Protein chains: 2
Amino acid sequence: MLSATRLPQDAVAEPAGWSRDAAASHVMDSAGCLDVGHVRALLVRGEELLLDSASDSPARSGLRDMADVSKRVSWSVREPQHEDGENTPLLNGTSTGGAQPVRPHSNQSLFRIGQLSTVDLSDESNETETEMMSKSDEEVTHTENLLSLKYESLDYDNSENLLFLEEERRINHAAFRTVEVTRWVICGMIGILTGLIACFIDIMVELLAGVKYQVIKDNIDKFTESGGLSFSLLLWATLNAAIVLVGSLLVAFIEPVAAGSGIPQIKCFLNGVKIPHVVRLKTLVIKVCGVILSVSGGLAVGKEGPMIHSGAVIAAGISQGRSTSLKRDFKIFEYFRRDTEKRDFVSAGAAAGVSAAFGAPVGGVLFSLEEGASFWNQLLTWRIFFASVISTFTLNFVLSIYKKKPGDLSNPGLINFGRFDTDENSYKYFELPIFICMGAIGGIVGALFNALNNWLTIFRIRYLHRRYLQVVEAVLVAAVTGAVSFVMIYYSTDCQPLREGAMEYPLQLFCADGQYSAMASAFFNTPERSVRSLFHDPAGTFNPQTLGSFTLLYFILAVWTYGLTVSAGVFIPSLLLGAAWGRLFGILLTNIPNSTWADPGKYALMGAAAQLGGIVRMTLSLTVIMVEATGNVTYGFPIMLVLITAKLVGDFFIEGLYDLHIKLQSVPFLHWEAPVTSHSLAAREVMSMQVTCLKRREKVGIIVDILSDTTTNHNGFPVIENDGVPGQPARLCGLILRSQLIVLLKHKVFVERENLSITQNRLSLKDFRDAYPRFPPIQSIHVSQDERECLMDLTEFMNPTPYTVPQEASLPRVFKLFRALGLRHLVVVDNHNKVVGLVTRKDLARYRIGKNGLEEMSLAHT
Amino acid sequence: MLSATRLPQDAVAEPAGWSRDAAASHVMDSAGCLDVGHVRALLVRGEELLLDSASDSPARSGLRDMADVSKRVSWSVREPQHEDGENTPLLNGTSTGGAQPVRPHSNQSLFRIGQLSTVDLSDESNETETEMMSKSDEEVTHTENLLSLKYESLDYDNSENLLFLEEERRINHAAFRTVEVTRWVICGMIGILTGLIACFIDIMVELLAGVKYQVIKDNIDKFTESGGLSFSLLLWATLNAAIVLVGSLLVAFIEPVAAGSGIPQIKCFLNGVKIPHVVRLKTLVIKVCGVILSVSGGLAVGKEGPMIHSGAVIAAGISQGRSTSLKRDFKIFEYFRRDTEKRDFVSAGAAAGVSAAFGAPVGGVLFSLEEGASFWNQLLTWRIFFASVISTFTLNFVLSIYKKKPGDLSNPGLINFGRFDTDENSYKYFELPIFICMGAIGGIVGALFNALNNWLTIFRIRYLHRRYLQVVEAVLVAAVTGAVSFVMIYYSTDCQPLREGAMEYPLQLFCADGQYSAMASAFFNTPERSVRSLFHDPAGTFNPQTLGSFTLLYFILAVWTYGLTVSAGVFIPSLLLGAAWGRLFGILLTNIPNSTWADPGKYALMGAAAQLGGIVRMTLSLTVIMVEATGNVTYGFPIMLVLITAKLVGDFFIEGLYDLHIKLQSVPFLHWEAPVTSHSLAAREVMSMQVTCLKRREKVGIIVDILSDTTTNHNGFPVIENDGVPGQPARLCGLILRSQLIVLLKHKVFVERENLSITQNRLSLKDFRDAYPRFPPIQSIHVSQDERECLMDLTEFMNPTPYTVPQEASLPRVFKLFRALGLRHLVVVDNHNKVVGLVTRKDLARYRIGKNGLEEMSLAHT
């Protein structure tokens with residue numbers, strides 16, 4: 001089925017004409033480079049086969065549904081209203097293969113497509129649309145073999161046009177020093193603000209959860225004697241549900257992209273994919289409120305993942321010196337208003353987030369580098385490191401003052417594993433195989449977790465795409481979590497003697513005086529505290545039955561919880577789960593004779609590492625984070641062993657949780673390398689052939705038509721010229737972006753046709769930066785009929801030196817170039833320097849290794 | 001003076017002919033792309049102005065001397081015999097600007113140049129030359145503004161020719177899995193072997209130093225009572241001198257590249273520069289023996305830096321499955337016989353070395369990534385990490401058995417900082433500014449260290465280039481070190497009570513019974529032990545005078561020692577120096593009232609970090625290494641602060657030690673980014689214009705002539721073709737390397753001129769891999785007169801898709817492409833895809849920010 005969407009080789013080898021609109025009138029040369037003033041029916045590849053006729057074969061309708069679902073999966077769930085009765089409304093007007101001229105600005109349905117298609121230029125425009133969906137929620141099939149066309153790329157390659165070069169040449173060495181110092185200052189501010197946000201979350205969660213647990217504890221204590229504990233059950237479940245309801249409403253109706261941990265979204269951003277709304281101030285506010293509410297609401301979630309997202313948003317905001325949400329422009333840091341610079345700061349923000357979350361500055365830097373930096377730059381690393389260090393220090397400092405222990409340095413992060421006081425020989429050689437076994441268990445359990453969550457997510461995508469349903473599910477989970485916790489505590493008979501300062505809310509329940517319920521110390525607590533008590537409570541604090549049943553139930557709860565429409569991370573649940581079975585493992589080991597070495601706390605730590613590694617599969621950064629959070633290098637080596645094993649075992653079954661979710665969103669994510677067997681593909685076979693080329697001096701009308709053309713919706717246009725020799729083929733001389741053209745149109749940088757010598761309006765880089773990143777849609781720009789006849793000289797604005805590859809270059813070669821330089825468009829030329837195609841992110845992300853070797857995913861135009 | 005060597009812009013703008021030999025007869029097109037069958041007098045740029053006349057103006061002779069010295073500086077000091085009476089013998093025959101035909105294979109002097117010029121293809125050939133220099137050792141001036149032409153680049157870009165693609169396409173997914181598994185196995189072997197080598201060094205040093213110190217101690221004990229301690233002084237000095245003599249002789253006469261720590265060389269290798277002999281088995285053997293002898297000989301050196309070099313050599317050896325030195329080919333791992341793969345393994349080896357040296361596996365990975373990996377690849381990171389973990393484990397395991405404490409895990413690295421047992425609040429907030437001050441001191445002292453050593457190195461280059469002088473200096477330093485140590489101990493009155501197990505060789509000397517000399521615990525010990533005693537000996541063990549005088553003397557000794565012709569690292573001396581003044585600092589702080597927090601050990605640690613950071617200036621990796629070696633994350637944050645400060649302060653004055661030494665070697669090292677103000681330069685102005693192009697079907701005679709042409713000595717040749725249309729300009733259609741041409745010539749892959757249709761000899765990739773990396777020199781290949789008339793079809797062997805840039809691309813853009821992809825040749829084309837130039841490493845490395853903005857270094861043809 002998939003290979004059916006692949007173009008036949010012959011068609012590729014003959015670029016000119018196969019899919020060209022009969023009405024196309026502006027053919028410029030013989031190389032398939034079309035001047036597409038009127039070429040509208042050019043179909044994005046794959047789509048043609050999808051929708052080229054009205055036939056209703058099952059395979060086709062399935063594919064159409066896929067296209068439909070991948071839109072609905074989207075992290076930014078602000079869906080457009082669909083026209084009633086249209087089955088594939090977004091593809092309307094493009095479903096005919098032939099010549100069907102479309103009137104711009106008249107067809108209402110098309111107009112909306114136009115808005116959607118410029119989502120990267122202005123995702124603002126979507127907001128004018130009505131909020132609720134009118135589409136019936138019949139079941140839709142889902143497949144992973146889909147790549148959404150709706151995500152645009154970020155452009156990490158500077159457009160080195162004349163304006164840019166002029167500016168760079170004007171800046172002398174001293175000025176560059178100022179820029180560099182500014183970067184450091186910004187990184188410092190990112191660190192401070194991220195640390196403060198982390199403090200705020202921490203304190204709010206503590207207050208809110210404190211109130212909640214106190215109320216419930218009082219209630220339970222009251223009813224334990226008098227009977228009627230079902231009231232307590234009800235109270236607990238209701239409190240949970242109420243808190244989560246607020247959090248879920250915020251997320252679902254105000255900013256859906258704030259759901260989840262945000263790590264997959266940040267991974268995508270650093271990879272170069274533009275996820276709409278992901279680094280907005282509004283997202284940050286909702287994220288912070290959401291995570292406070294969902295943790296306080298007793299869900300099996302952590303507040304660490306969201307910190308990474310928060311840090312990234314802060315970084316994106318500060319570095320741009322303005323907030324579009326607040327409509328404030330501080331007129332500072334204008335130099336940094338481009339994707340290249342922004343990405344660097346977002347890396348620093350993500351690192352600062354990790355650093356604040358785990359007290360792990362080095363781990364934070366590694367996280368950013370692993371996920372984002374395709375190109376390791378020492379200066380950048382330094383800055384990221386600086387932001388991380390500042391962030392953890394700020395958190396530590398503020399918390400120590402808040403807790404009235406100034407000078408206390410024990411709170412470097414939101415999660416604190418507590419102190420492992422170990423003697424030098426805290427583990428023996430023969431324990432290493434045991435640790436490896438635990439790593440394997442972690443890998444298997446993690447794979448199971450991921451598989452179940454994957455299945456659940458597909459289920460959610462199919463059946464739970466209405467917002468109120470998502471809210472209902474979140475509330476349900478919260479209530480069930482409360483109820484299950486209560487029932488577990490109620491039926492548990494594991495009573496432990498009360499120790500000094502062991503627990504904040506010791507639940508006596510049915511235990512004798514001076515004792516408390518051990519199950520409650522796992523369930524009646526924020527997950528962070530539970531983890532710590534599993535790590536550090538002395539041997540004998542938990543009995544195996546308690547741990548076993550806790551593990552099982554918590555596993556189910558955690559699987560169910562991840563992916564709900566609330567802001568929440570998966571780190572802490574993973575750690576808690578692993579700590580529980582790890583401790584159980586340790587307790588079982590003590591049954592072996594002479595097993596004084598089997599400290600349950602140590603095994604809880606290894607279990608936590610194994611479980612976390614098995615679920616998220618981060619590599620070096622995770623090791624460092626674990627070691628830094630443990631505060632003890634002694635366990636570094638066994639933790640490494642456990643993580644390596646967990647990763648290898650887990651990868652054998654299924655991908656990591658974040659990668660799964662990225663895949664389910666159909667994001668065109670570029671992995672580290674091209675698939676190993678892809679040497680058989682050449683650029684010629686990979687590239688998009690529907691390249692729209694512009695002339696160096698182009699008619700304004702043609703440019704407007706091209707930009708308004710919603711069927712192609714290109715973002716990069718090769719600029720060609722003819723050497724002035726008629727008959728000679730036109731050669732590539734530059735590349736210009738949609739966003740640049742829009743700014744040019746907006747400022748009416750035209751030359752009258754009659755007097756070609758008139759200089760155009762002067763534009764400076766500032767005009768482009770002011771419009772960044774939310775460029776207006778083409779529809780908002782009015783061009784009069786007279787103006788359409790003018791010419792536009794692109795020489796000054798195009799990038800005169802775009803990277804190119806010859807058409808015979810192999811896919812891995814193209815991939816390497818594209819990935820290493822963070823490109824958005826790569827022009828494919830023949831050996832006369834004529835444009836024959838354009839490689840974009842989607843063209844590369846489509847290929848992957850499947851069960852039968854190289855597979856190709858379909859593209860869905862959502 | 002420097003700008004005089006820059007070509008005038010006009011010359012650049014007019015590529016054809018400005019430097020073309022009048023005898024050149026093979027001009028192929030009008031774009032300056034010469035078919036240089038007889039073009040001999042094309043001068044490497046800069047040289048023309050250097051040597052274009054016999055005039056003897058001071059500036060010119062200065063420059064000539066520069067060219068001369070930069071050769072002598074070389075890490076591989078195997079210098080060729082100079083012709084008597086020739087002042088610039090290597091440039092002989094090239095010093096005329098005009099047409100002076102040269103007979104190949106006849107001029108003895110030229111023949112030698114030929115050998116030299118193919119140093120990257122066969123540095124073996126040098127070995128036939130006589131060992132001793134006959135050149136008089138008059139003073140030569142030295143300058144840093146020089147870039148040696150003698151270092152070749154490694155080629156990290158796969159030549160994706162038809163053979164390569166054929167092979168890759170033949171390999172299916174399962175086979176790739178096997179390759180991947182093989183990579184892991186190799187990394188495991190690298191780890192194990194590196195660990196074993198580290199063990200060997202450690203044990204040998206301990207044995208040898210043990211014997212030495214025991215002998216001296218017995219002698220001192222004997223003469224303390226009876227008088228005549230001058231005998232002991234003599235004995236100590238002589239023993240040191242004797243041991244170092246052997247070590248220095250080995251290094252100076254057998255393998256000069258084994259001198260020093262090897263870290264600069266490995267940095268260069270990972271950066272992409274081919275340092276001759278650097279990853280040879282012979283180098284490893286000499287390095288290991290040398291480091292054992294120099295540490296045992298009592299020099300102020302460490303054995304950690306050399307471990308990094310050793311690991312790299314092991315990796316290069318194992319991954320190739322053969323040793324050319326041993327003339328053994330195990331016929332395994334043939335797939336990995338290319339620069340791309342080898343580099344990855346060398347990264348792993350270097351990481352394993354760091355890991356074994358410091359017990360810091362994560363630090364090792366970071367070191368490799370910081371230095372080498374321009375492109376961060378998660379899979380590669382994993383493998384490197386694996387090698388590191390295995391390496392430290394092996395070391396730990398073997399040492400624990402050797403020390404008869406199996407199961408003891410306290411020896412993860414060669415240097416062990418010992419255990420810092422700290423309570424949770426081991427430092428206070430108000431100490432942080434103190435730490436920052438210490439960082440600043442470290443930065444300043446480090447800068448002083450580097451400046452002095454830099455000056456000393458220039459001195460050595462000028463006056464001490466004879467080998468026996470180098471050996472004499474090393475022996476002298478050894479004797480002086482012994483003598484100074486003895487004198488210091490002799491005059492010290494700092495006696496301390498003897499504690500259990502505090503010292504291995506407690507020197508009583510003039511102290512009362514039950515006491516020992518504190519100065520001896522710093523001087524009469526291997527440096528590793530001294531560091532540990534400074535870190536951990538209880539407060540009061542050293543008095544300030546002892547520490548002060550020790551710091552001063554050791555500083556001088558350490559500065560003098562680094563750069564000697566012995567194998568030795570600078571890590572431990574730096575740490576020891578810093579620990580000494582850090583402890584002194586701590587002791588001074590205790591004079592403040594209520595200063596119970598001022599633990600001298602803690603301040604010793606911070607001082608050590610500051611000093612090391614101030615000297616070597618590594619960044620993130622150093623932090624992690626220090627934290628891992630300390631075994632305690634508690635000090636992580638202050639160590640970071642200290643290192644950041646030390647780096648910033650130090651960088652204000654002078655570069656890091658390794659960078660200085662790289663600069664002194666005139667290595668074309670590519671930094672992270674192009675100089676910030678270099679946007680004003682375009683590829684057109686940067687590129688080399690002496691491109692020698694080949695036709696797709698080229699005459700063998702022409703190829704042989706080009707390869708034998710020692711004046712140009714190109715390594716990459718663009719291949720061009722004419723489209724079969726006469727009159728049309730020829731276009732780039734591929735790139736072929738010297739090494740490939742040589743293999744082709746060797747296998748006589750010719751087509752007779754008469755029957756063009758005859759298929760050439762079939763060659764497979766294996767033939768190229770067998771010749772890798774020491775390709776025979778062109779002179780060793782005999783081509784008969786008949787064969788010279790044959791044609792060679794390059795289609796199958798050239799890389800058909802070389803990366804290109806347009807000639808208007810800015811330098812930063814070219815730099816980014818070059819650096820990110822690890823290129824060796826980057827073809828510059830005009831917009832008709834005609835070759836106009838070639839950018840190589842030297843063209844990019846020449847530019848740097850100097851005092852007056854952008855500067856350009858001269859190229860010296862050595």
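Quick caveat, the model's predicted, so the values are computed rather than measured. So that the names make sense, note that chain A is the first sequence line, chain B the second, and so on, each numbered from 1.
Contacts of B:Thr645 classified as side-chain contact (heavy atoms from CB on, under 4.5 Å), with partners at least two apart in sequence or in another chain: B:Ile436, B:Ala440, B:Val649. For B:Phe386, the ring-ring contact (aromatic ring centres under 6.0 Å, His included) test picks out B:Trp184, with sequence neighbours left out.
A side chain to side chain donor-acceptor pair (under 3.5 Å) with A:His679 is found for exactly one of B:Glu168, B:Glu166, B:Glu167, namely B:Glu168.
Only the backbone of A:Leu732 comes within contact range of chain B, with at least one heavy atom under 4.5 Å from a heavy atom of that chain. Contacts of B:Asn158 with chain A are made by backbone atoms alone, with heavy-atom separations under 4.5 Å and no side-chain atom involved. If you measure heavy-atom distances from A:Pro802 to chain B, the contacts under 4.5 Å come from the backbone alone. For a residue to count as touching a neighbouring chain, one of its non-hydrogen atoms must lie under 4.5 Å from one of that chain's; by this rule A:Val389 touches chain B with backbone and side chain alike. Interface remark: A:Thr623 contributes side-chain atoms only to the contact with chain B (heavy atom separation under 4.5 Å).
Interface remark: of the candidates A:Phe164, A:Phe176, A:Trp382, A:Trp382 forms the most heavy-atom pairs closer than 4.5 Å to chain B. Taking A:Ser810, A:Ala683, A:Ala175 one by one and counting their heavy-atom pairs under 4.5 Å with chain B, the maximum is reached by A:Ser810.
No hydrogens or angles considered: nothing links the side chains of A:His832 and A:Arg731 as a donor-acceptor pair under 3.5 Å.
The backbone N or O of B:Val365 sits nowhere less than 3.5 Å from a side-chain atom of B:Ser368 that would complete a donor-acceptor pair.
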